[in-house]
Amino acid sequence: MNSQSQQDGRLFGFSYRQPDIDEVTSKISPVPPNMDDGVTVAAGGLTGYNIDLDQNASRDFEAIKKYRCMALHPEVDSAIEDIVNEAITSDTNDVPVAIDLSNLDISERVKTIIREEFAYILHLLDFNNKAHEMFRKWYIDGRLFYHKVIDLNNPERGITDIRNIDALKIRLVREYQKPKLPEPYLRNTQKPLSGDLPQVFGQASNQFPARVIEYFLYNKKGNSHFGNGMGMMRGNNREGIVRIARDAVTYVTSGLVDGNSGQVLSYLNKANKSLNQLRWMEDAIVIYRMARAPERRLFYIDVGNLPKAKAENYLRDVMARYRTKITYDQATGEIRDDKKFMSMLEDYWLPRREGGRGTEVSTLPGGQNLGNLEDLKYFQDKLYRSLNVPISRQDAGEGFQIGKSDNILRDEVKFSKFVGRMRKKFSGLFTDILKTQLVLKGVVSPKEFEAMKEHIQYDFIYDNHFSELREMEMLQNKLQVAAMAEPYLGKYFSVYQVRNRLLGYTDGEIKEIDQQISYERNVGIIPDPNAQMAQQEQQEFNDDNPELSGDLQGMGGAPGDMDLSGDPAADAITGGSLAGGSVGGAGGAAGGPSTKPM
């Protein structure tokens, strides 16, 4: 780039990226990075770059306006509401989303900081109140932009404000630059691009890695006002256009990209044709009903042997004599007789020559099968299928009924997975803002966060009853199988096999459950089943052998007791007790000496 472009090349906002030169040189590739984000690529040689935004900006501008017009259609709006209500669930006692750091291997102190910063981000976004609108806007437009505002004099404070940017007013641009000389500041690159491509990067592309610059072009008038030709645009030399640094804006797309043009698509894109067909069918049905629904009268007027001209005049006289056209004006309350106006949907007047049946008045029946809407129903179902919404949800007359999962349609399963994928893509909004906040406050470095973000999960409040119902049925079936296997414990199955294979518990879960059960037994929340069994057997033995009951009571129970872990008489030997009482029963503390009277 020339000196003027370097002087004007400053970006609005901030950037915290400090790439490592060793990492840069280790990732040299002729393939441009991140080509699935609908970015506008600036191409050119060593002396300048030409950014042609006319076609791309106009295409995106028209596409977004089309998506927003589609969302106003009643059927599409109903489908969007079903999707957004499924993805974002409002709860008066909880926020719609929470961060999950259970898979992140860092200290608890850092986890606490991350949770606090995430709560602060939700506060800046006002996510508890605006979550529905944010997700709906992202779903319709296919992209979402937020400007992260910081205090440039004190960036350690982090993000101070987050402002939404209309998708019609901003575009992401990626520019590849090639230095003439290996100057140190030009070697501080981000993502390199090199190879034998002299027509793009000049003959020097084999010697030095390319410098990749990403920034946003913001125009408050909208993308359609970029002008005719953005050739040789550098810096802020275009009136009303501001270049914003890449790190200062959060950019989240739908993940759908046209493979031919590289344009970011909305989830509504594939429903465009189905919606147009539905509109045409609705209009055709209305026109057909208006034209064919009313019955019409047929007036056959006998004109005898009159010539054609006189026959037509005679027919007009008869029409004017017998036709009445009385109208009522709602605004003024006037009643007018507009006989000079005749509607072709009411009556037909036909002349009849001499020799016919004379003057006759008959009725022409209206259209048949006007109540048949099967073709309209077909296009409605097609529209819902194109939006991945179950067809059963469009019938408002059907009530919601919770039954077995076998009765749930396959479409509900697919819809649940579709909503889960959208939540995953939408969560990129939180990840990018959280990264900026943690880096600015010095909690982690950008490289450290890149390694951490794969283990950061976001838990949305789930409102799909099918998943909960399916989990309950699976647990019920597992418990039934475990009950069926209980008589075969010690013969064909071990306790560990039942817990691990049949109930599906992992070793860690088994250990945790054992600790919880032990604690609850000790504090008396739940009774000890082994102790209850021992007491029952002891009582039965005492009833049958009263003369030997004192000796067995001193031993702490009948022989052969076994707990769930498989250790014989574990509770009797260790003297495990329940709240305030001994396991042994009437003979005193378990394992203690007997006090048999002499």
Side-chain angles (χ1 to χ4, degrees), residues 62 65-79 268 270-387 391 394-397:
E62 296 298 332
K65 289 184 61 178
K66 178 185 67 176
Y67 299 147
R68 294 179 180 180
C69 291
M70 292 174 60
L72 299 178
H73 196 274
E75 280 77 9
V76 178
D77 179 73
S78 176
L268 297 179
K270 60 181 179 180
N272 184 34
K273 182 177 180 180
S274 301
L275 177 60
N276 290 333
Q277 291 175 336
L278 179 61
R279 287 173 174 172
W280 297 335
M281 182 57 62
E282 290 175 345
D283 294 340
I285 289 177
V286 171
I287 295 174
Y288 176 77
R289 287 197 171 190
M290 291 183 62
R292 295 290 299 156
E295 293 184 351
R296 298 168 180 82
R297 293 175 298 178
L298 292 178
F299 292 87
Y300 295 96
I301 306 300
D302 187 7
V303 295
N305 294 325
L306 294 176
K308 180 179 179 181
K310 292 184 178 182
E312 291 178 354
N313 293 331
Y314 175 73
L315 183 60
R316 283 194 205 93
D317 293 339
V318 176
M319 290 170 57
R321 188 185 312 161
Y322 292 99
R323 186 186 68 224
T324 59
K325 185 68 174 180
I326 301 176
T327 60
Y328 172 75
D329 191 349
Q330 289 182 335
T332 61
E334 297 180 355
I335 298 178
R336 297 183 301 175
D337 185 7
D338 296 333
K339 292 185 177 181
K340 61 180 179 179
F341 298 104
M342 176 181 178
S343 174
M344 295 303 296
L345 297 180
E346 294 179 357
D347 302 328
Y348 291 102
W349 300 78
L350 303 176
R352 176 175 290 177
R353 290 292 181 181
E354 184 182 8
R357 290 176 293 179
T359 301
E360 179 184 354
V361 179
S362 62
T363 302
L364 182 66
Q368 305 297 322
N369 299 326
L370 295 179
N372 188 3
L373 300 176
E374 292 298 328
D375 46 359
L376 183 63
K377 177 69 174 175
Y378 166 78
F379 287 107
Q380 288 179 345
D381 294 345
K382 185 178 179 181
L383 176 63
Y384 268 71
R385 283 194 298 267
S386 63
L387 294 173
I391 301 176
Q394 67 173 312
D395 192 353

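Excluded from the calculations below are hydrogen atoms, water molecules and symmetry mates; all remaining heavy atoms, backbone and side chain alike, are included.
When all heavy atoms of Y384 and S78 are compared, the closest pair comes out as OH-OG, 3.4 Å. Between L383 and E75, the closest heavy-atom pair is CD2-CB, 3.7 Å.
Here the straight-line distance linking atom CD of E62 with atom NZ of K65 works out to 5.5 Å at 0.5 Å rounding. Once rounded to the nearest 0.5 Å, the distance linking NZ of K382 with CD1 of I391 reads 12.5 Å. W280 contributes atom CH2, which lies 10.0 Å from atom CG of L275 (distance to the nearest 0.5 angstrom). In this structure, CG on N276 lies 9.5 Å from NE2 on H73, to the nearest 0.5 angstrom. Rounding to the nearest 0.5 Å gives a distance of 10.0 Å between CG of L306 and CG of N313.
For the pair L268 and L387, the minimum side-chain heavy-atom distance is below 4.5 Å. V318 has its side chain within reach of Y314: a pair of non-hydrogen atoms, C-beta onward, lies under 4.5 Å apart.
Salt-bridge check for R279 with D283: failed, with every basic side-chain N at 4.0 Å or more from each acidic carboxylate O.
Checked against side-chain hydrogen bond (donor to acceptor under 3.5 Å, both in side chains), K66 has no partners two or more places apart in sequence or in another chain.
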